[in-house]
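Residue numbers run from 1 in the order of the sequence given.
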Amino acid sequence: MRFDVITLFPELFAPFLQHGINRRAFESGQVAVHLWNPRDFAEGNYRRVDDRPFGGGPGMVMMAEPLWQCLQAIRTARAEADDARGPVVLFSPIGEALNHAGVEGWSRSQGAVLVCGRYEGIDQRFIDTCVDRQISLGDFVLSGGEIAAMALLDAVARLQPGVLTDEGSHQQDSFNPALDGLLDSPHHTRPEVWQGPRGPMAVPEVLLGGHHERIARHRREQSLLLTASRRPDLLARARAQGLLDAADQAFLRAQGLL
């Protein structure tokens, strides 16, 4: 798949693409990332890409024309048929919230053109005529879309075959259908007893016994408890979808959670 990123700060992406386990996806081309600076398509000696908003107000607005010319160059480079073009995605507070299901969909896609806005935003005329989808990371505002673009690329890259050392690792992620959409259980590693700030803290004994069924049950119960505590909406959804078996429901009733 191919992602073309329109950004005024392409240098921000270099360390992201070159470090961490997900670099395997980028270096191999499983997730090809091409960076485009709209300033390269602006006119005049100063290569201006923003101007004051009509009607007044604070800040500056990214101009439509440099973005349009940049997008035209990307379309040429992608060489896609008109009826098979990758969508143009803008990261915006008004967009649909990015979640696990959305990431899985992108991980199976042909990619997209990702537009990273800056300043007070982008000329609405470019959005109305060129943007196919808008995505948000949550109910807050960032200085630009670069962090959001990296978040999407990171989430997509780790789902590609061979990227994670353990092929089944991502299947135990929070929100994954393999966990019925619940939160992942807590994890522990060596030492078996940690001399922490509250005194000795031991790893749960069940995790040391090597009994796989008991360990699986323990982790499931911890997942249920954590989800009930932190994201009861996810637990309610799993129950409504019939994803909780008799053992799950008996455990939750015993905990006073049903």
> Okay, side chain of Q249, backbone of L244: is any donor-acceptor separation there less than 3.5 Å?
Replying inline: yes
>> Are I215 and L183 connected into the same hydrophobic cluster when the rule is that any two of I, L, V, M, F, W, Y join if their side-chain heavy atoms are below 4.5 Å apart?
In response: no
>> Restricting to non-hydrogen atoms, name the atom on P53 and the atom on G59 that form the minimum distance, rounded to 0.1 Å.
In response: CD-O, 3.3 Å
>> Quick check: do R75 and V88 have side-chain heavy atoms less than 4.5 Å from each other?
In response: yes
>> Keeping E146 on the side-chain end and P10 on the backbone end, is there a donor-acceptor pair under 3.5 Å?
In response: no
> Does a sphere of radius 6.0 Å around CD in E205 hold more than 12 heavy atoms from other residues, nucleotides or ligands, not counting ones at 6.0 Å or beyond?
Replying inline: no
> Which is it for R158 and I21 under the side chain to side chain contact (heavy atoms under 4.5 Å, CB included) test, yes or no, and what are the steps along the way?
Replying inline: CA-CA 8 Å; R158 69 189 307 276; I21 197 168; over 6 Å; no
> If you look at every heavy atom in Q222 and S185, which pair is closest and at what distance?
Replying inline: CB-CB, 4.0 Å
> How far does CG of N37 sit from CG of L8, to the nearest 0.5 angstrom?
Replying inline: 5.5 Å
> Can you find a heavy atom in the side chain of R220 that is under 4.5 Å from one in the side chain of L182?
Replying inline: yes
>> How close do V61 and D123 get, counting heavy atoms only, and between which atoms?
In response: CG1-N, 3.5 Å
>> Between Q110 and A84 (side chain of the first, backbone of the second, donor and acceptor by atom type, cut-off under 3.5 Å), is there such a pair?
In response: yes
>> Starting from L98, can I reach V131 by hopping between I/L/V/M/F/W/Y residues whose side chains sit under 4.5 Å apart?
In response: yes
>> Do the side chains of D248 and R217 get close enough for a salt bridge, i.e. N-O under 4.0 angstrom?
In response: yes
>> Determine whether a donor-acceptor pair (N or O, by modelled atom type, separation under 3.5 Å) exists between the side chain of R2 and the backbone of G111.
In response: no
> Is D180 reaching over with its side chain to a backbone N or O of A238, donor-acceptor style, under 3.5 angstrom?
Replying inline: no
> Take atom CG in D139; do more than 12 heavy atoms of anything else shown fall under 6.0 Å from it?
Replying inline: no
> More than 12 non-hydrogen atoms from neighbouring residues, nucleotides or ligands closer than 6.0 Å to CZ on R52, yes or no?
Replying inline: no
> What is the distance from atom CZ of R219 to atom CG of L226, rounded to the nearest 0.5 Å?
Replying inline: 14.0 Å
> Should we say atom CD of E192 is surrounded by more than 12 heavy atoms from elsewhere, each under 6.0 Å from it?
Replying inline: no
> Quick one: are M150 and L12 in side-chain contact, heavy atoms under 4.5 Å?
Replying inline: yes
> Above 12 or not: heavy atoms from other molecules or residues under 6.0 Å from CZ of R23?
Replying inline: yes
> How far does OG of S143 sit from CZ of F9, to the nearest 0.5 angstrom?
Replying inline: 9.5 Å
> Rounded to the nearest 0.5 Å, what separation is found between the CH2 atom of W106 and the CG atom of L159?
Replying inline: 14.0 Å
> How far apart are the C-alpha atoms of Q160 and R24, what are their side-chain angles, what is the distance that settles it, and do they pass the side chain to side chain contact (heavy atoms under 4.5 Å, CB included) test?
Replying inline: CA-CA 9 Å; Q160 302 307 306; R24 297 174 181 172; over 6 Å; no
>> Please determine whether side chain to side chain contact (heavy atoms under 4.5 Å, CB included) holds for the pair V206 and H211, giving the CA-CA distance in whole Å, both sets of side-chain angles, and the decisive distance to 0.1 Å.
In response: CA-CA 8 Å; V206 64; H211 194 296; over 6 Å; no
> If Ile, Leu, Val, Met, Phe, Trp and Tyr residues are connected whenever their side-chain heavy atoms lie under 4.5 Å apart, and connections chain through other members, are V193 and L207 in the same group?
Replying inline: no
> Around F140, counting heavy atoms of other residues, nucleotides and ligands shown, do more than 12 lie under 6.0 Å from its CZ?
Replying inline: yes
>> Tell me the closest heavy-atom pair linking G86 and R78, and the distance in Å.
In response: CA-NH2, 4.0 Å
> Hey, any chance I74 and L90 share a hydrophobic cluster, counting ILVMFWY side chains that come within less than 4.5 Å of each other, even indirectly?
Replying inline: yes
>> To check you understand the geometry: which heavy-atom pair defines the closest contact between D50 and M63, and what is its length?
In response: N-SD, 3.5 Å
>> Membership question, hydrophobic clusters at under 4.5 Å side-chain separation (ILVMFWY): are L243 and L258 in the same one?
In response: no
> Do I127 and Q124 come within less than 4.5 Å of each other through their side chains, counting heavy atoms only?
Replying inline: yes
>> Show, in sequence, the C-alpha distance, side-chain angles and deciding distance for L152 and F91, and conclude whether the side chain to side chain contact (heavy atoms under 4.5 Å, CB included) test is met.
In response: CA-CA 10 Å; L152 176 60; F91 297 100; 4.1 Å; yes
> CZ/F41 to CD1/I6 distance, rounded to the nearest 0.5 angstrom?
Replying inline: 8.5 Å
>> Would you say that more than 12 heavy atoms from the other residues, nucleotides or ligands in this model lie under 6.0 Å from the CD of E11, or not?
In response: yes
>> Applying the side-chain contact (heavy atoms from CB on, under 4.5 Å) criterion to P66, which one of L71, V49, D40 satisfies it?
In response: V49
> Taking all non-hydrogen atoms of both residues, which atom of E104 and which atom of S107 are closest, and how far apart?
Replying inline: O-OG, 2.6 Å
>> More than 12 heavy atoms of other residues, nucleotides or ligands under 6.0 Å from CZ of R47: yes or no?
In response: yes
>> Once rounded to the nearest 0.5 Å, what's the spacing between atom CG of L67 and atom CZ of F126?
In response: 5.0 Å
